[in-house]
Amino acid sequence: MLRTQVGIVGAGPAGLLLSLMLQRRGIDSVIIEARDREAIEATIRAGILEQSTVDLMAELGVADRLRREGVVHEGTILRFGGRNHRIDFKELTGGRVATLYPQHEVLKDLIAARLAQGGRILFGTKVNEVADVGTAAPVIRFAGADGAAGELRCDVVIGADGSYGACRPAIPADRRRDFLRIYPFGWFGILCEAPVSSEELIYARHERGFALISSRTPEVQRMYFQCDPNDSVENWSEDRIWAELQARVAGEDGFRLKQGRIFQKNIVPMRSFVCEPMQYGRLFLAGDAAHAVPPTGAKGLNLAASDVWHLDRALGAFFADGSTALMEGYSAAALRRVWRAQHFSWWMTSMLHRFPDASEFDDRRQLAELELVTGTMPAATSLAQTYVGMPFG
Ligand code: PHB
């Protein structure tokens, strides 16, 4: 049996950032994580960091490697009609930028920092039940790495255990509402050994469907193309993948992707999801446990950071003098940014993808929208501001 002030389920960006923030206030926390450390640190995932996420990591003293290895993006490319159209983040937002630094690298830095503080992270520990969250003494029941049953008693539980974790279902079904949209396409993602094809990300709209050209390191590139969500990676040979990607970025400017050996393929489903409220009693949801966005807007990790920014202040007030106003206001405060990001991610997705039932009218309208966004200051500024993100709170 263990005891702490804040029991955190999930060692993802939300759980780890929060435990580091709480430490600054002298609030004790324990993180329970189903996977082991090696698996978490080896799962290659996207990471576009908003300016505020970078600033938060810097404040927490975990931005040294990010500063060295993260790639600053002062703009991005929307590609349509066979040409590049650049959105200049820096100029349009008064100096704010996005930083490409993969999520598993963020996690390595956060885990190392938390362990160096003497923080407790129970890896390989599976939560079986989150109980008594309607009381002042909630309990998390788990099976440890050795299979032995254990219990963590705490004052507050943070559900930061992702889309399919045990925490969201601990909110009674009649006390929450789920909002879900499933898109009629997925992203076929590849990792390949090739040089960088473009210094900035390319979001490409094409009659054959969307494509995204991103990067992991100077030697490893990440690319995606819109696909049937029920397709299988087995149906796609290396040659077929390159032919499809090249076709989707082809244009009058003669642009070609630099090809190389493909060493990973996967298909990502696309959905938008929100659970309201994000709190029930002493249980607070953060990050993917409460919401999911399609990857087009690059908002996932940043929303997790925004959620825990609110939670840190709310828990700070609660443990300082017992005041519950910020805790009670958490869900409404966090949801404002969540819904803005939902709108943005849905909008970027809709503007850039080909829907199965799209008519020629829809094609022309989509192109007109892209012309508006890349050709007029107010629309370009709106995209740039939302992409690099407003300050938290
Ligand atoms: C990625 O690098 O995997 C990536 C970048 C931008 C996105 C989504 C994914 O919007």
Side-chain angles (χ1 to χ4, degrees), residues 2-33 37 40 47 49-68 70 99 101 103 105-123 138 140 152-161 167 278-279 282-287 289-290 301-331 333-334 337 389-393:
L2 296 170
R3 155 96 213 146
T4 187
Q5 288 172 289
V6 181
I8 299 175
V9 186
L16 287 161
L17 280 172
L18 183 61
S19 70
L20 287 163
M21 283 190 274
L22 293 176
Q23 169 77 23
R24 293 193 298 191
R25 299 182 184 274
I27 298 171
D28 187 56
S29 65
V30 172
I31 302 180
I32 301 181
E33 167 58 49
R37 185 177 177 184
I40 294 172
L49 277 52
E50 292 179 6
Q51 184 76 59
S52 298
T53 305
V54 171
D55 294 346
L56 176 61
M57 287 179 64
E59 258 179 53
L60 292 167
V62 291
D64 291 349
R65 205 160 64 89
L66 161 65
R67 287 229 173 78
R68 284 198 309 274
T99 303
Y101 187 63
Q103 176 164 324
E105 303 295 347
V106 173
L107 293 177
K108 281 184 206 169
D109 298 342
L110 299 182
I111 290 169
R114 186 63 190 131
L115 293 177
Q117 292 175 339
R120 286 180 288 175
I121 308 176
L122 312 181
F123 289 104
I140 303 170
L152 174 63
R153 299 192 175 201
C154 42
D155 301 306
V156 172
V157 176
I158 305 299
D161 51 349
C167 289
M278 291 167 60
Q279 177 225 347
R282 290 286 181 91
L283 170 64
F284 297 81
L285 303 181
L301 195 157
N302 301 292
L303 276 186
S306 160
D307 289 350
V308 297
W309 183 90
H310 287 286
L311 278 174
D312 168 56
R313 299 175 73 220
L315 296 173
F318 176 67
F319 287 107
D321 60 15
S323 69
T324 56
L326 287 180
M327 292 214 310
E328 278 154 19
Y330 165 66
S331 181
R337 194 182 188 95
M390 298 296 214
F392 295 145

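Values in this document were obtained by computation on a predicted structure and should not be read as measured data.
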Q: Indicate yes or no for a side-chain donor-acceptor contact from S306 to the backbone of A334 under 3.5 Å, with no hydrogens or angles considered.
A: no
Q: Measuring only between side-chain heavy atoms, which start at C-beta, is R37 closer than 4.5 Å to L115?
A: yes
Q: For the residue pair I31 and G10, what are the closest heavy atoms and their distance?
A: CG2-O, 3.6 Å
Q: side-chain contact (heavy atoms from CB on, under 4.5 Å) between R3 and D155: does it pass, once the steps are laid out?
A: CA-CA 9 Å; R3 155 96 213 146; D155 301 306; 3.0 Å; yes
Q: Where is the tightest heavy-atom contact between G15 and I8, given as atom of each residue plus distance?
A: CA-CG2, 3.6 Å
Q: Can you find a heavy atom in the side chain of L2 that is under 4.5 Å from one in the side chain of L122?
A: yes
Q: Could you report the tightest heavy-atom contact between L152 and T4, atom names first, then the distance?
A: CD1-CG2, 3.7 Å
Q: Do the non-hydrogen side-chain atoms of V54 and R67 ever get within less than 4.5 Å of each other?
A: no
Q: Just list the side-chain donor-acceptor pairs under 3.5 Å for residues 314-330, sequence neighbours left out, or say none.
A:
from: D321; atom 1: OD1; to: S323; atom 2: N; distance (Å): 3.0
from: D321; atom 1: OD1; to: S323; atom 2: OG; distance (Å): 3.0
from: T324; atom 1: OG1; to: E328; atom 2: OE2; distance (Å): 3.2
from: Y330; atom 1: OH; to: L285; atom 2: O; distance (Å): 2.7

Q: Where do L16 and I121 land on the side-chain contact (heavy atoms from CB on, under 4.5 Å) test, with the steps shown first?
A: CA-CA 9 Å; L16 287 161; I121 308 176; 3.8 Å; yes
Q: Report the distance from atom CD of E33 to atom CD1 of I111, rounding to the nearest 0.5 Å.
A: 8.0 Å
Q: Can you see which heavy atom on P13 is nearest to which on L107, and at what distance?
A: N-CD2, 3.5 Å
Q: May I ask you to decide if G287's main-chain N or O and D307's side chain share a donor-acceptor pair within less than 3.5 Å?
A: yes
Q: To the nearest 0.5 Å, tell me how far L301 CG sits from L17 CG.
A: 7.5 Å
Q: Any salt bridge linking E50 with R337? Criterion: basic side-chain nitrogen under 4.0 Å from a carboxylate oxygen.
A: yes
Q: Go through it in stages, so that I can follow the logic: the residues are L22 and L18, the test is side-chain contact (heavy atoms from CB on, under 4.5 Å), and I'd like the CA-CA distance, side-chain angles, deciding distance and then a yes or no.
A: CA-CA 6 Å; L22 293 176; L18 183 61; 3.9 Å; yes
Q: Nearest 0.5 angstrom please: W309 CH2 to L56 CG, how far?
A: 10.0 Å
Q: S29 and R114: side-chain contact (heavy atoms from CB on, under 4.5 Å), yes or no, with the steps?
A: CA-CA 11 Å; S29 65; R114 186 63 190 131; 3.7 Å; yes
Q: Would you check if Q23 and L60 make a side-chain contact, meaning some heavy-atom pair closer than 4.5 Å?
A: no
Q: What closest approach, in Å, do C167 and D161 show between heavy atoms, and which atom pair accounts for it?
A: N-OD2, 3.0 Å
Q: So, do L66 and V106 sit near enough that their side-chain heavy atoms are less than 4.5 Å apart?
A: no
Q: So, taking the atom named CD in Q279 and the one named CD1 in I158, what distance separates them when rounded to the nearest 0.5 Å?
A: 10.0 Å
Q: Flag the pair V156 / P138 as yes when at least one side-chain heavy-atom distance between them is below 4.5 Å, and no otherwise.
A: no
Q: Determine the minimum heavy-atom distance between A14 and V308, stating which atoms define it.
A: O-CG1, 3.3 Å
Q: Any side-chain heavy atom of M21 within less than 4.5 Å of one from L311?
A: no
Q: Determine yes or no for a side-chain-to-main-chain donor-acceptor pair under 3.5 angstrom, with R25 supplying the side chain and D312 the backbone.
A: yes
Q: Hey, are the side chains of T53 and Y101 touching, using non-hydrogen atoms and a 4.5 Å cut-off?
A: no
